[in-house]
Amino acid sequence: PNHTPVLISVANLVPYKDYFTILKALKEIKETGQDFYYLILGDGPMRSELEATIQKYDLKDNTRIVGNVENVSDYLKISDIFVHSSKGEGCSNAILEAMAAGLPIIASNTGGTSEIVTKDNGFLFEYQNAEELQKQLSWCLENKEKCKKQGENSLNAIKKHFTISRMMENYYKIISQISNK
């Protein structure tokens, strides 16, 4: 239904991407009675294990593994919150795409994620800390307008820091610095 908040993740279904922490947090959220629908875009060797966990946690009516899709941006457009749990990241393309779609981000605080996810556009949680993730997701589900503002801040950050011209400018600076050594 249109009033149900849509959570989304985009990543391969591999251990490194830590979907089990997300599912554990969502199990707790469902038990509190908060409404949500969770979309998982991606595929991989852990699909059957994730499907079994979805069944075990009674999330089958709230969760759908969509698989690999060509139109990720269409799914991001219908979503309300981007959730990303990963053991490590450089500069996550999935997070940047979600930011470009104007979504608030809730992500594990690993690798370079803290360089693009700030308190202005989302939340960071300790890797594999389902309780912390659950609290952040619950806050977003209860504070829709504030969470929507974080999404607007995500889009503004993309427009300010990640345009093609800005990225090219930064590459030229790096190349110039290297060639002058």
Side-chain angles (χ1 to χ4, degrees), residues 1-13 17-43 47 50-51 53-69 71-86 89 92-109 113 116-159:
N2 290 337
H3 66 278
T4 302
V6 176
L7 315 175
I8 188 168
S9 294
V10 180
N12 292 322
L13 308 184
K17 295 302 181 180
D18 188 36
Y19 279 100
F20 297 105
T21 297
I22 297 171
L23 293 174
K24 187 175 181 182
L26 292 178
K27 174 186 178 285
E28 298 300 318
I29 288 170
K30 183 175 181 176
E31 289 175 359
T32 68
Q34 288 179 298
D35 196 20
F36 66 89
Y37 195 80
Y38 180 44
L39 295 171
I40 298 172
L41 303 187
D43 217 335
R47 184 177 184 130
L50 288 169
E51 289 171 337
T53 302
I54 290 165
Q55 289 288 336
K56 176 182 166 187
Y57 289 169
D58 193 30
L59 294 170
K60 59 190 173 301
D61 294 333
N62 301 77
T63 304
R64 180 171 171 220
I65 299 176
V66 180
N68 289 329
V69 296
N71 57 335
V72 172
S73 62
D74 291 340
Y75 285 90
L76 292 171
K77 287 177 190 173
I78 63 163
S79 300
D80 299 294
I81 302 166
F82 186 79
V83 187
H84 191 76
S85 184
S86 181
E89 292 291 334
S92 169
N93 285 332
I95 291 175
L96 291 174
E97 289 176 15
M99 289 171 63
L103 296 179
I105 311 298
I106 301 177
S108 54
N109 189 8
T113 303
I116 55 177
V117 178
T118 68
K119 61 181 169 65
D120 294 329
N121 71 328
F123 296 99
L124 295 170
F125 65 93
E126 180 185 355
Y127 174 65
Q128 294 188 322
N129 188 330
E131 183 179 340
E132 187 179 3
L133 173 58
Q134 181 262 322
K135 287 177 184 175
Q136 293 169 351
L137 283 167
S138 291
W139 184 91
C140 281
L141 293 171
E142 293 168 5
N143 296 279
K144 291 178 182 160
E145 287 306 310
K146 290 178 182 177
C147 200
K148 186 176 179 180
K149 178 64 177 158
Q150 288 178 318
E152 292 169 8
N153 291 341
S154 282
L155 180 58
N156 290 335
I158 288 291
K159 289 178 179 179

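Any value given below was found using the heavy atoms of this structure, including those in side chains, with hydrogens, waters and symmetry copies removed.
Within 6.0 Å of CD on Gln128 lie more than 12 heavy atoms contributed by other residues, nucleotides or ligands. Counting heavy atoms of neighbouring residues, nucleotides and ligands inside a 6.0 Å radius, atom NZ of Lys159 does not exceed 12 of them.
Contact between Leu155 and Gly102 at its shortest, heavy atoms only, is CB-CA, 4.0 Å. Closest of all the heavy-atom pairs between Ser85 and Asp18 is OG-OD2, 2.6 Å. Residues Ala100 and Ile158 share a closest heavy-atom pair of N-CG1, 3.7 Å. Here the closest heavy-atom approach between residue Leu23 and residue Tyr57 is recorded as O-CD1, 3.6 Å. Thr53 and Phe20 make their closest contact through OG1-CE2, 3.2 Å (heavy atoms, listed as atom of the first residue, atom of the second, distance). When all heavy atoms of Ala107 and Thr113 are compared, the closest pair comes out as CB-CG2, 3.7 Å.
The shortest distance between side-chain heavy atoms of Leu137 and Ile106 falls below 4.5 Å. Inter-residue side-chain proximity for Ile81 and Leu103 is flagged as unmet; no heavy-atom pair is nearer than 4.5 Å. Looking at Tyr127 and Ser86, their side chains never come closer than 4.5 Å, going by heavy atoms from C-beta outward. The closest side-chain heavy-atom distance from Cys140 to Phe123 is below 4.5 Å. Looking at heavy atoms from C-beta onward, Leu124 lies out of side-chain contact with Ser108 at the 4.5 angstrom threshold. The closest side-chain heavy-atom distance from Thr118 to Asn153 is not below 4.5 Å. Here the side chains of Leu13 and Ile40 are in contact, with some heavy-atom distance below 4.5 Å. In this structure, the side chains of Ile105 and Val83 stay at 4.5 Å or more apart for every pair of heavy atoms.
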Inset, instruction - Evaluate the criterion side chain to side chain contact (heavy atoms under 4.5 Å, CB included) for residue pair Leu133 and Thr21; output intermediate values, then yes/no. - result: CA-CA 8 Å; Leu133 173 58; Thr21 297; 4.2 Å; yes

Inset, instruction - Assess whether side chain to side chain contact (heavy atoms under 4.5 Å, CB included) is satisfied between Leu59 and Phe36, documenting all intermediate values. - result: CA-CA 10 Å; Leu59 294 170; Phe36 66 89; 3.9 Å; yes

Legend entry - Criterion side chain to side chain contact (heavy atoms under 4.5 Å, CB included) on Leu41 and Ile8, from CA distance to verdict: CA-CA 8 Å; Leu41 303 187; Ile8 188 168; 3.8 Å; yes

Inset, instruction - List the steps, then state whether side chain to side chain contact (heavy atoms under 4.5 Å, CB included) holds for Val10 with Phe82. - result: CA-CA 8 Å; Val10 180; Phe82 186 79; 3.9 Å; yes

Enumerate donor-acceptor pairs with a distance under 3.5 Å from any side-chain N or O in residues 142-150 to protein atoms, sequence neighbours excluded.
residue, atom, partner, partner atom, Å
Glu142, OE2, Gln34, NE2, 3.2
Asn143, ND2, Trp139, O, 2.8
Gln150, NE2, Lys119, O, 3.4

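Side-chain N or O atoms of Thr32 include one that pairs as donor or acceptor with a backbone N or O of Ile29 at under 3.5 Å. Remark: the backbone N or O of Glu132 is paired with a side-chain donor or acceptor of Asn129 at under 3.5 angstrom. Judged purely by atom type and a 3.5 angstrom limit, Asp43 has no side-chain atom pairing as donor or acceptor with the backbone of Ile65. With Tyr19 contributing its side chain and Ala11 its backbone, the two residues share a donor-acceptor pair below 3.5 Å.
Interatomic distance, Ile116 CD1 to Asn121 CG, rounded to the nearest 0.5 Å: 8.5 Å. Going from atom NZ of Lys30 over to atom CG of Asp35 covers 10.0 Å, rounded to the nearest 0.5 Å. Atoms NZ and NZ, on Lys24 and Lys56 in that order, are 9.5 Å from each other to the nearest 0.5 Å.
Note on Lys27 versus Asp58: no salt bridge recorded, every NZ/NE/NH1/NH2 to OD/OE distance being 4.0 Å or above.
Remark: the Asn12 side chain and the Lys17 side chain contain no N/O donor-acceptor pair separated by less than 3.5 Å. A donor-acceptor contact under 3.5 angstrom links the side chains of Ser9 and Tyr38, judged on distance only.
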